[in-house]
Amino acid sequence: MKKQPAQWLLSAVSVGIAGIILTQSYSTAVAETSTEGFVPTPEQKVTTRQVAALLDRSHYLNQPLDSKMGSEILSMYIDSLDPNHTLFLQSDVDEFKKKYADEFGARLKRGDLSAGVEIFERYRKRSSEYFAMASKMLKTDIDLTGDETIVLDREKLGYFKTKKEQRDYWTRQLKFQLISITLGQEDEKAKEQVFLNNPDITRGQDLVRDDKRTPSEILLKRLTRQQEQFKRLKDDEIMETILNTAMLTYDPHSNYYAPIQATELQIQSSLQLEGIGVSIRPDRKNPDYTRIVTLVDGGPAAKTGQIKPNDLIVGIAKDGKNMTDVVGWSTREIVSLIRGKRGTSVTLKLRQPNTPDSSARTVTVVRDIIQQEESGVKQRVVEVQRPNIDKTPKRIGVLEIPSFYLNYRARRNGEDYRSVSIDTEKALKALNKENIDGLVVDLRNNPGGSLDEVAKMLGFFIKSGPLVQIRDNRGNIQVYRDNDGGEQLYDGKMVVLTNLASASASEIFAAAIQDYGRGLIVGSTTTGKGSAQIQLDSLALGTATLTQRKFYRVTGGSTQNKGVVPDIELVNIYDDATFGERAQKKALPWDTIKTAPYKPEGKFSSDTLATLNQQSKIRQQQNPQFVYLSTLNDIRDMEDEKKPIRLDINSRRAKMQLIEKRSLEAENKRLIATGEKPYSDWNTYQAAMDAKFEERSQMKANERPELPEDEVFINEAAYIMLSAEPKQLLSPKEALEK
């Protein structure tokens, strides 16, 4: 493999950049604190200038950060704070554009954040007005019937021109939320009654919340909790929102990460963190509390012997500092306190559920390196037997690749490190010993990762030749090649399973396998993220990823925007209108470059693919799991937030009951078809699902049984692979023509 000069990041999914700034403004409330005290530090000013210079000179688009681009960034920033157009008034937007549209970019170049901070202050003021109105309104009796309507998704609609229009909408959205909470409470109470009447269904878990609060009390508590989170908003997080918006205006994958988010990025790419080895989530009964769900075997928390699953975290003392009460804090905030450098200590104040605060105990834990072993490559063997075709079951290897991970830092420091290619090599050698009849490479929900790693991975399956082409912003083209002399670690039958959440490096892998005719691509069209980012760790504060290159298939076509279209289509469980590159703002366009000379190993004929598609479609129409998933897609389409929704609890209840009825029918239909007992009613079904998934959440990932609605894709991919006729080997010229 040719050594490359830089490590490129091909991750499709960014960490939530805006911190705790919520994307749905109708559920937002902020404190009446002021950022007037936000005087940028020298490091913040330098960071702002650094980010502006990167966009001005180094982005793939070669688009200078001029007044036109600055104006676009300003619009994007306003929209990122208020995506639903319910908080800012039109007069606010007009005022800011008049004051700053021509000079917003120039201010960033100077390291001047004052315009962004002023806009954030207005956002904070409007949000405080919303919170004040909501607090007052929720203390009154609100009629949940009537003929009013509301459009929830206002992204394409204009800002309100008057406060009267705005407050009328706020009133209606609060009413909608109360209706939703009321109906949710009705369902929750009916479900809890099932638990009380049938304790066996709980599987020994305490699942009865017995929440006696009114809908107004619940909503007010939510808004108050969000307000408290905003009180703890740091200046770095405000800066992050401004700078990240600037980068997103160039393309969806250029990002700025404040220091806390930079840690998340490193964890995503390396499968390694420095912490205590626990997983946490909000408590079911009281979301103000954070509950420890599981402990990592051999991790620092487990070694203490004093920390148990189900413990509630009520306080944290970080690095010898005073104990901080964290009741009401978000899981993100709590994680940021728990994590820290290896060898340092953190003290937790814990108590068991249903015990008084006076029973809380403190435990000091020394942080250490935690390897997320369960997040890496997994291999297994499944047996598949086609009715009336196979006399004996076929042994199919399954290779599950969650991402193309690599611990860059450990590799750079000469330490032992994990990577997807190392783990895959071990997995393939183990599967080869199992004498498998074929291989399914599962790339569903794989967001991407390291370009070096995906190139190494392809070398395990392809004899030799170009793997992917990279073009920079000057038009220079670099080709990644497999130059191992034709060596293949696995040369048998294979299929690659994709869906709309397969992105970036996953698409490079799938495209190369498809172009070389090495195997079939089965599933749904991929994300369409065909750009490469470089990670920048040299900023004064935080890190950034900057799009500097696009990648192309060996045939010359980009995967950008279009994605990789499968040879055989399966049910798509995602909504194309809201997910993937094609739904992103500012997405780079699809284009082509010249073909890189390569020698396909064979091609499936168009007749063969047509036959395989037809056979698979028939099986999907007859398979109860695929029928179930298709029905859920239809049910999902019943709710359209772009259309007016009637604000009448009786009307909403009838709509929800119709959705519940159809959902239960779909579930029972597949249960009966698979020889299982159907549920008597919706509440029993929901209670059973709550118990099942609560139990699963406490298992380790490798101990959880496969869900039938997930496993059906593996089985169908195997059927397709086994049914495919042998590849007709063609000359390179003939293969290219086809």
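No experiment lies behind these values; they were computed from the predicted model shown.
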Does a side-chain heavy-atom distance below 4.5 Å link [X] with [Y]?
{"X": "Val398", "Y": "Gln379", "value": "no"}
{"X": "Leu152", "Y": "Lys642", "value": "no"}
{"X": "Gln352", "Y": "Leu312", "value": "no"}
{"X": "Ser504", "Y": "Lys529", "value": "yes"}
{"X": "Ile720", "Y": "Ser723", "value": "no"}
{"X": "Val208", "Y": "Thr202", "value": "no"}
{"X": "Leu664", "Y": "Asn668", "value": "yes"}
{"X": "Leu520", "Y": "Leu612", "value": "yes"}

Would you please say whether a donor-acceptor pair under 3.5 Å links the side chains of [X] and [Y]?
{"X": "Asp143", "Y": "Thr145", "result": "yes"}
{"X": "Gln227", "Y": "Thr224", "result": "no"}
{"X": "Asn715", "Y": "Glu711", "result": "no"}
{"X": "Thr527", "Y": "Glu581", "result": "no"}
{"X": "Asn633", "Y": "Asp637", "result": "no"}
{"X": "Asp690", "Y": "Tyr685", "result": "no"}
{"X": "Ser616", "Y": "Gln620", "result": "yes"}

(message) For a quick test of reading the model, state the closest non-hydrogen atom pair linking Leu500 to Tyr574 and the distance between them.
(response)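 Nearest heavy atoms, Leu500 then Tyr574: CD2-CB, 3.7 Å.
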Does [Y] offer a backbone N or O that forms a donor-acceptor pair with the side chain of [X] under 3.5 Å?
{"X": "Asn499", "Y": "Ser502", "result": "yes"}
{"X": "Arg646", "Y": "Gly146", "result": "yes"}
{"X": "Asp311", "Y": "Ile307", "result": "no"}

(message) Tell me whether Arg652 forms a cation-pi arrangement with Phe176, defined as NZ or CZ under 6.0 Å from the six-membered ring centre and within 45 degrees of its axis.
(response) no
(request) Measure the spacing between OG1 of Thr214 and NZ of Lys221 and express it to the nearest 0.5 Å. (result)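 These two atoms lie 13.0 Å from each other.
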(message) Are more than 12 heavy atoms, taken from residues, nucleotides or ligands other than Lys655, located less than 6.0 Å from that residue's NZ atom?
(response) yes
(message) Holding to ring pair (Phe, Tyr, Trp, His ring centres under 6.0 Å), I want the full list of residues that pass it with Tyr719, two or more places apart in sequence or in another chain.
(response)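 None.
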(message) So, using ring pair (Phe, Tyr, Trp, His ring centres under 6.0 Å) as the criterion, who are the partners of Tyr628 when residues are at least two apart?
(response)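 Tyr628 satisfies ring pair (Phe, Tyr, Trp, His ring centres under 6.0 Å) with no other residue.
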(message) Going by salt bridge (Lys or Arg N to Asp or Glu O under 4.0 Å), name the pairs with one or both residues in residues 616-636, residues two or more places apart or in two chains.
(response)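 Pairs touching residues 616-636 that pass the test: Arg619-Glu716.
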(request) Please identify each residue that fulfils salt bridge (charged side-chain N to carboxylate O under 4.0 Å, His left out) with Glu709, with sequence neighbours left out. (result)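 Salt bridge (charged side-chain N to carboxylate O under 4.0 Å, His left out) check on Glu709 returns Arg670.
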(message) Could you work out, with side-chain hydrogen bond (donor to acceptor under 3.5 Å, both in side chains) as the rule, every residue matching Arg351, not counting sequence neighbours?
(response) Tyr289, Asp357
(message) So, using side chain to side chain contact (heavy atoms under 4.5 Å, CB included) as the criterion, who are the partners of Gln686 when residues are at least two apart?
(response) Lys191, Trp682
(message) Using a strict threshold of under 4.0 Å (side-chain N to carboxylate O), is an ion pair present between Glu217 and Arg222?
(response)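 No, no charged N to carboxylate O under 4.0 Å.
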